[in-house]
Enquirer: 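Got a structure here, written out as structure tokens. Questions coming.
Atom set for the values below is all heavy atoms of this structure, side chains included, hydrogens, waters and symmetry mates excluded. Atoms within a ligand are numbered from 1 in the order they appear, just like the ligands themselves.
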Amino acid sequence: MSTDAIVILKQDHKEIKSLFRKFQGAGEHATEVKGELVNRIIELLTVHTYIENEVMYPEVRKLVPELEDDVLESYEEHHVADVLCVELAALSPDAERFDAKATVLIENVTHHIDEEEQDWFPKVRESLGRKQLQELGSRMLELKKSAPTRPSQPSALKKTVDAVIS
Ligand SMILES: [Fe+2]
Ligand SMILES: [Fe+2]
């Protein structure tokens, strides 16, 4: 398995987007299925934003100064996703606002993923060497093992706060 940072993050994106499609295709009354899908989406997103916030974003900010604004915007987009995940995790799948909130999460994250993949990951690949990307990827794979899986876990909340105030 590749340890290239961008390959790893794109693989996560693919998995997340496939769950999005399943949610969108689940149908009006598939309450239980949609509840399970949202649980899994929250879990994958919490791990993914954690490793990006802890490793990818600070390193890119340091090593590719021209991407500073993109990284800052991305932190804010993660923050919006975190807030939606916290709220969704507290909602019952049969709640009136569950589908609407999940749909807004999906729209926001899809936009965010597209920006990462189209706008700034290619510039990261141009600027960093293969070895550097592999080193970043290894660190992210290692961090995945201890990453929070629920947005309410202290380490997940800490990164949300850090992203806003630091
Ligand atoms: Fe991201
Ligand atoms: Fe990402």
Enquirer: Starting from the Fe ion (ligand 2), count all protein N, O or S atoms within a radius below 2.8 Å.
Expert: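 If we list every protein N, O or S atom nearer than 2.8 Å to the Fe ion (ligand 2), we get 4.
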Enquirer: Would you say Gln132's side chain and Gly129's backbone share a donor-acceptor pair under 3.5 angstrom?
Expert: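 Side chain of Gln132 to backbone of Gly129, a donor-acceptor pair under 3.5 Å: yes, one is there.
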Enquirer: Side chain of Lys17, backbone of Ile113: donor and acceptor closer than 3.5 Å?
Expert: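 Looks like no, no N/O pair under 3.5 Å.
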Enquirer: Please name the atom of His78, restricted to N, O or S, that is closest to the Fe ion (ligand 1).
Expert: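 It is NE2 of His78.
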Enquirer: For Lys144, is there an ion pair with Asp12 - N to carboxylate O distance below 4.0 angstrom?
Expert: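 Yes, this pair counts.
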Enquirer: Between Arg130 and Asp4, is there a salt bridge with N-O shorter than 4.0 Å?
Expert: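 Judged by the 4.0 Å cut-off on N to carboxylate O distance, Asp4 and Arg130 do not form a salt bridge.
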Enquirer: Salt-bridged, Arg40 to Glu15, with N to O below 4.0 Å?
Expert: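 Salt bridge between Arg40 and Glu15, a charged N being under 4.0 Å from a carboxylate O: yes.
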Enquirer: Less than 4.0 Å between a side-chain N and a carboxylate O, is that true for Glu59 and Arg139?
Expert: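 Salt bridge flag = yes for Glu59 with Arg139.
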